[in-house]
Novice: 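Right, I'll just put the structure down here and ask away after.
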There are 2 protein chains.
Amino acid sequence: MTKNSVEPNALSERAQHLLKVLIEHYIRDGQPVGSRLLAKESRLDLSPASVRNVMADLEELGLVTAPHTSAGRVPTVQGYRLFVDSLITVKPVEGPAVEDLAKTLKAGFDPNRVVKTASHWLSAMTQMAGVVMYPRRDRTSLRHVEFLRLSERRVLVILVTNDQEVQNRIIECKREYSASELEQAANYLTKSFVGHDLQEVRETIVEEMRRAKEDMDRIMRTALEMGERALADEPRGDDYALSGETNLMTFSELADMERLRNLFESFHQKNEILHLLDQCLNAARTNIFIGNESGYGPLDECSVVTTPYRVDDRVVGVLGVIGPTRMQYEKVIPIVDITAKLLGAALKPR
Amino acid sequence: MTKNSVEPNALSERAQHLLKVLIEHYIRDGQPVGSRLLAKESRLDLSPASVRNVMADLEELGLVTAPHTSAGRVPTVQGYRLFVDSLITVKPVEGPAVEDLAKTLKAGFDPNRVVKTASHWLSAMTQMAGVVMYPRRDRTSLRHVEFLRLSERRVLVILVTNDQEVQNRIIECKREYSASELEQAANYLTKSFVGHDLQEVRETIVEEMRRAKEDMDRIMRTALEMGERALADEPRGDDYALSGETNLMTFSELADMERLRNLFESFHQKNEILHLLDQCLNAARTNIFIGNESGYGPLDECSVVTTPYRVDDRVVGVLGVIGPTRMQYEKVIPIVDITAKLLGAALKPR
DNA sequence: CTCTGGCACTCCAATTACCTGAGTGCCAAG
DNA sequence: CTTGGCACTCAGGTAATTGGAGTGCCAGAG
């Protein structure tokens, strides 16, 4: 999948084990790990010298690297890659907090709030940044339309969709509409299009308008005109919910102000991150970008663990965690997974 | 106003001038300023030695302090206080950007968006953090009510208020209501209470319910019950809009990670900051908290410049800027002032 | 062929020492 | 009151020193 990756079977059993122990240790305390320590830790009853030989091999393969001549080794991106792909042993996520989340999510009405809760939980559990893409609603179907006259030419549109979401928009009209005109228009639209996809509704309306331009009664025309304007440009609001960015400040590898500032700035910009998340929408399983694998500068020292979440077996969004490359993958992965499962369940329309 | 402040007339003309020049210089480049430099800068044709004598006086009064024996002087909180209260000469804020803001604000419909725009502008203009409290709407009057049945016992409430704001709430009911029941209830409520204050409406309803408990027709009862629940607990959403927090990362006096983290965390918590802003609601004029004057730990190295904004001569909110104590007050103050004026104008109901 | 102890070598990081420049306080003379 | 002079202080930078951790490689043992 990733170019330049190393096949696990190119490594001896022993090398794999040592790499695993090394990475686990490095993740724990962030210091380069040397041969003496590794020999003890590995429980393989090897001397430091033998370990050194193995390390030399691993270095040649590009799985570890030494910051300088006489320091221990640290994992490279490829090292982490191999680790998360084939060596990792994930720990199941512990009990009570999970049930709490399940309950809280179930109790929520507003999908936006539910998403935010999930994002907060991710950040709280991992002590890193949690991010949840809002469920996409391109197949959102209409449930109710309401028009309300605000002033001469300004009309408030209230759209209720089947996933219990409410959208308000204000549109500026070309001419003035009376209250009763608007009411009739709303009634017509609601009656005709309930249960239909928003996009589809708009297309139908546009089509209708073109076909029968002249011979329409006043009500029909009003309804179509208003409907067309109301559905015009779907203003996607925020695209994802991010929580716990500030957690990232505690990681020494991100301590450089400039770097951190870029990172935060890019969280605000959203586009790049969103693009990254979009990539993960298609992936069926949990996805991990390590270090520069994301191909996006500010995330160079970070890893991103994402997984899609489903409602009724249909993928509707992505959620995950952003943290330093040196993160506890074996804990984070199951946390992300369970969150996806619970969020999906909570969003199921009732 | 502030305890422990120093009367300006306790200082000679010369001392005041020197203090002013010192603070202006320190604000410019953040270095302690020494006597030689100050003697030149002040254009008073004094020798450094004389300046030193004055500095000793100022230090005794607690207006300046020396970080160590042989460094120049830096202003203390009291020094800044005196400076902003009586020495400062504000520069009027420059043209084109202001007109841009005026235009953008005028064009906005949704008050929430308008507030966010103002906040962004503050942050962009000052390169610090901009914060705008949402206009309070306790005297918000009702314009339209709508009930919509989502499922057996869940009803969506849509409240439109006179300031063109729309609130959606979902309430869980004790018994099931039919669609027509809800419609009648909404009609009744709208008809009876349009133009009344929300709080007042709720009180009237509760009163009504107590008075005539039994002898009510079904519609009335439904209307009152629903109305009472709908207005129950006003869920104030976000309380203020904050922009440009990340700008604060570039200030060396806030460079310490731990401090910065606390600051950001407290932005997320909101309560404390909100309390601070609330204090300023009553102040008629522009208000400045310098350093620890806010009495709130994370803001110790920061100053907060706020001013209330008015709609139709009634104060409805507060906005301002948060930045390092060493900020360019003479620029920031007019920026904050003009923003308040423009925001107030833009929020005037049309 | 694999493992191990030994040894020389390297490099970082922390400590120490030293120096310079900026600035002060005080004093005595103008 | 102002000023120049002088001794003193201190932060911050540069350079030298040292100790420790760890490596690579080799030769000998299993």
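Because the structure is a prediction, the values reported are computed rather than measured. Every chain is numbered from 1 and lettered A, B, ... according to where its sequence line falls, protein lines coming before strand lines.
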Novice: Could you go step by step and tell me if B:Ile333 and B:Ile88 meet the side chain to side chain contact (heavy atoms under 4.5 Å, CB included) rule?
Specialist: CA-CA 10 Å; B:Ile333 292 171; B:Ile88 204 169; 4.0 Å; yes

Novice: Taking any atom closer than 4.0 angstrom to a non-hydrogen atom of chain A, what span of DNA chain D does the protein reach, first nucleotide to last?
Specialist: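 Contacts span D:dA21 to D:dC25, reading 5' to 3'.
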
Novice: Could you pull out all residues at least two apart from B:Val98 that satisfy side-chain contact (heavy atoms from CB on, under 4.5 Å)?
Specialist: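 Here the qualifying residues are B:Val93, B:Trp121, B:Ile338, B:Leu342.
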
Novice: Is it true that atom CZ of B:Arg261 has more than 12 heavy atoms of other residues, nucleotides or ligands lying nearer than 6.0 Å?
Specialist: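 Yes, CZ of B:Arg261 has more than 12 neighbouring heavy atoms, counting only those of other groups under 6.0 Å.
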
Novice: Considering only residues two or more places apart or on different chains, which pairs with a residue in residues 44-59 of chain A satisfy side-chain hydrogen bond (donor to acceptor under 3.5 Å, both in side chains)?
Specialist: A:Ser35-A:Arg52, A:Ser47-A:Ser50, A:Glu59-A:Arg73

Novice: Kindly determine whether B:Leu254 and B:Cys302 satisfy side chain to side chain contact (heavy atoms under 4.5 Å, CB included), including the steps that lead there.
Specialist: CA-CA 9 Å; B:Leu254 304 175; B:Cys302 293; 4.1 Å; yes

Novice: Name all residues meeting the side-chain contact (heavy atoms from CB on, under 4.5 Å) criterion together with B:Asp256; count only those two or more places apart in sequence or in a different chain, and write none if there are none.
Specialist: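 For B:Asp256, the residues satisfying side-chain contact (heavy atoms from CB on, under 4.5 Å) (neighbours in sequence not counted) are B:Glu258, B:Arg259.
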
Novice: Taking only residues two or more places apart in sequence, or in another chain, which ones meet A:Ser243 in a side-chain contact (heavy atoms from CB on, under 4.5 Å)?
Specialist: A:Ser119, A:His120, A:Ser123

Novice: Can you give me every donor-acceptor pair (side chain of residues 61-72 of chain B, partner residue at least two apart or in another chain, under 3.5 Å) with its distance?
Specialist:
{"from": "B:His68", "atom 1": "ND1", "to": "B:Ser70", "atom 2": "N", "distance (Å)": "3.4"}

Novice: Working to the nearest 0.5 angstrom, can you tell me the gap between A:Ile290 CD1 and A:Met327 CE?
Specialist: 9.0 Å

Novice: Roughly what angle, to 10°, lies between the helix axis at the start of the helix from C:dC1-D:dG30 to C:dG30-D:dC1 and the one at its end, five pairs per end?
Specialist: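 What I find for the helix from C:dC1-D:dG30 to C:dG30-D:dC1 is an axis angle of 20°.
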
Novice: Where along residues 43-54 of chain A does a heavy atom fall under 4.0 Å from DNA chain D?
Specialist: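 Residues of residues 43-54 of chain A under 4.0 Å from DNA chain D: A:Arg52.
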
Novice: Determine, step by step, whether B:Leu82 and B:Leu11 satisfy the side chain to side chain contact (heavy atoms under 4.5 Å, CB included) criterion, reporting the C-alpha distance in whole Å, the side-chain angles of both residues, the deciding distance to 0.1 Å, and the verdict.
Specialist: CA-CA 11 Å; B:Leu82 185 66; B:Leu11 260 61; 4.0 Å; yes

Novice: Tell me, which pairs form a ring pair (Phe, Tyr, Trp, His ring centres under 6.0 Å) where one or both residues lie in residues 72-95 of chain A, sequence neighbours left out?
Specialist: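 Applying ring pair (Phe, Tyr, Trp, His ring centres under 6.0 Å) to every pair that reaches into residues 72-95 of chain A, excluding sequence neighbours, yields A:Tyr80-A:Tyr329.
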
Novice: Go through the structure and list residues passing side-chain contact (heavy atoms from CB on, under 4.5 Å) with B:His25, not counting sequence neighbours.
Specialist: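 Per chain and number, B:His25 pairs via side-chain contact (heavy atoms from CB on, under 4.5 Å) with B:Arg28, B:Asp29, B:Val33, B:Leu37, B:Glu41.
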
Novice: At a heavy-atom distance below 4.0 Å, what parts of residues 64-72 of chain B sit against DNA chain C?
Specialist: B:Thr69, B:Ser70, B:Ala71, B:Gly72

Novice: Which whole-number value in Å describes the distance from B:Asp57 CG to C:dC26 P?
Specialist: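 B:Asp57 atom CG is separated from C:dC26 atom P by 12 Å.
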
Novice: My understanding is that only residues two or more places apart in sequence, or in another chain, count here; which of them pass salt bridge (charged side-chain N to carboxylate O under 4.0 Å, His left out) with A:Glu24?
Specialist: A:Lys20

Novice: Rounding to an integer number of Å, can you tell me how far A:Arg73 CZ sits from C:dT10 P?
Specialist: 17 Å

